[in-house]
Amino acid sequence: MKTKILLHIVSLFFLTASCTKKDSNKLTIATAANMQFAIQEITTSFTQKTGIPCDVIITSSGKLTAQIQEGAPYDIFVSADMKYPETLHKNGFAAKSPEIYAYGKLVLWSISDEIQPSIESLTDKQIKHIAMANPKTAPYGEAAIAVLKHAGIYDLVTDKLVYGESISQTNQFIVSGAAEVGFTAKSVVLSPKIKEKGNWIAIDENSYTPIAQGVVMIKKEHIKEDALKFYEFLFSAQSKEILENFGYLVTTK
């Protein structure tokens with residue numbers, strides 16, 4: 001029952017989110033799944049300060065990039081890495097060069113109170129499934145693969161790996177118990193709805209390339225003034241405080 005209730009709560013947050021009322025002048029912000037909780041607080045604070053409503057579209061960075069290149073009407077892209085924003089800029093879809101707004105951190109998490117996650121335990125027989133985001137489209141999945149290879153156990157656990165389309169789906173695998181453990185973003189386990197659920201450990205940051213997360217404004221015939229306001233707000237002291245509370249390392253612009 002506890003797991004079902006928690007799964008229901010998590011699923012509500014892992015779907016597309018929106019902030020404030022619908023409006024013809026609303027901003028549409030494409031957001032990487034690792035930012036799903038932090039972006040809710042950031043957009044809420046932004047709307048309270050400016051009165052500008054926002055819609056937030058959440059999925060993997062790779063999928064969002066493909067959608068943008070296919071003409072999706074997004075105003076801002078808040079990515080989980082720099083590779084995808086740089087790709088958009090190179091291909092003419094970004095208004096200017098991407099900037100790093102934060103560095104994300106990776107954790108290993110289990111919803112079970114009986115499991116104490118560790119890299120060494122991943123080869124144990126009791127661990128039958130290890131969840132992670134698809135490394136082909138999600139930077140946190142790519143980082144998780146790097147961790148396993150750094151530990152020298154990738155070949156030993158390959159058959160245990162189950163891939164979520166994004167961090168959102170990966171979290172659902174973990175919460176439902178479909179995977180005994182999984183790699184996710186630190187921002188997830190620090191979120192109010194998930195905090196103190198199960199057990200998690202921070203991953204040694206020397207075992208994977210720092211996850212530099214970038215943002216770009218999408219190039220349009222007329223860039224919305226409101227989009228520029230949100231872009232600047234993401235680098236504000238107020239936004240940085242929110243990001244730090246979710247475990248991100250923030251940068252100076």
Side-chain angles (χ1 to χ4, degrees), residues 3 6-7 10-16 30-37 57-69 77-84 87 104-112 115 117-189 191 194 197-204 207-213:
T3 298
L6 181 58
L7 179 58
V10 172
S11 65
L12 291 176
F13 281 87
F14 292 169
L15 296 174
T16 300
T31 308
N34 77 88
M35 278 284 289
Q36 58 198 328
F37 293 112
I57 309 301
I58 298 172
T59 188
S60 69
S61 294
K63 188 171 182 179
L64 289 170
T65 298
Q67 291 173 351
I68 290 167
Q69 293 185 126
F77 175 36
V78 180
S79 179
D81 69 355
M82 285 293 284
K83 178 179 70 175
Y84 289 113
T87 295
K105 297 181 181 180
L106 193 67
V107 302
L108 184 64
W109 179 36
S110 174
I111 199 64
S112 173
I115 295 177
S118 70
I119 298 300
E120 295 74 22
S121 71
L122 295 180
T123 58
D124 293 349
K125 291 183 178 180
Q126 74 175 112
I127 304 298
K128 296 180 172 58
H129 301 95
I130 304 167
M132 67 173 63
N134 185 347
K136 294 182 179 179
T137 58
Y140 279 76
E142 186 177 353
I145 294 293
V147 170
L148 295 177
K149 290 182 176 180
H150 182 269
I153 64 171
Y154 176 72
D155 291 336
L156 300 177
V157 301
T158 300
D159 293 341
K160 299 182 179 185
L161 302 181
V162 290
Y163 300 108
E165 181 182 79
S166 66
I167 281 289
S168 295
Q169 189 175 57
T170 302
N171 295 331
Q172 292 180 33
F173 290 160
I174 299 168
V175 169
S176 68
E180 291 80 7
V181 296
F183 290 93
T184 190
K186 188 175 183 179
S187 59
V188 172
V189 296
S191 64
I194 304 299
K197 302 296 184 182
N199 300 300
W200 62 273
I201 59 166
I203 301 299
D204 181 358
S207 64
Y208 61 97
T209 302
I211 307 174
Q213 304 195 183

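Model, not experiment: these values are computed from the prediction. Residue numbers count from 1 along this sequence.
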Between atom [atom1] of [X] and atom [atom2] of [Y], what is the distance when rounded to the nearest 0.5 Å?
X      : Y      : atom1 : atom2 : value
Ser118 : Asp124 : OG    : CG    : 7.0 Å
Glu142 : Thr209 : CD    : OG1   : 7.5 Å
Lys197 : Ile111 : NZ    : CD1   : 7.5 Å
Gln126 : Ile115 : CD    : CD1   : 5.5 Å

Using the salt bridge (charged side-chain N to carboxylate O under 4.0 Å, His left out) rule, collect all pairs that involve [range], keeping only residues at least two apart or in two chains.
range            : value
residues 168-184 : none
residues 57-67   : Lys63-Glu165
residues 154-164 : none

Where [X] and [Y] come nearest, the two heavy atoms and their spacing:
X      : Y      : answer
Ile211 : Ala143 : CD1-CB, 3.9 Å
Ala133 : Ala138 : CB-CB, 3.5 Å
Met132 : Ala144 : CE-CB, 3.8 Å
Ile58  : Ser168 : CG2-OG, 4.1 Å
Phe183 : Ile167 : O-CD1, 4.2 Å
Ser207 : Ile203 : OG-CG2, 3.4 Å

Ile145 and Tyr154: side chain to side chain contact (heavy atoms under 4.5 Å, CB included), yes or no, with the steps?
-> CA-CA 7 Å; Ile145 294 293; Tyr154 176 72; 3.6 Å; yes
With side chains defined as the heavy atoms from C-beta onward, is the minimum distance between Leu106 and Tyr140 less than 4.5 Å?
->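 Yes. Closest side-chain heavy atoms under 4.5 Å.
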Beyond-backbone contact of Asn171 with Gln36, side-chain heavy atoms, under 4.5 angstrom =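 The answer is yes, as the side chains (C-beta and beyond) meet within the 4.5 Å cut-off.
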Can any side-chain N or O of Tyr84 pair as donor or acceptor with the backbone N or O of Leu64 at less than 3.5 Å?
->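 Absent.
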Please answer whether the main-chain N or O of Val175 pairs with a side-chain N or O of Trp109 as donor and acceptor at a distance below 3.5 Å.
->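 No; judged by distance alone, with no hydrogens or angles, the pair does not exist.
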Under 3.5 Å side-chain donor-acceptor pair for Asn34 and Ser187 |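 There is no such pair between these side chains.
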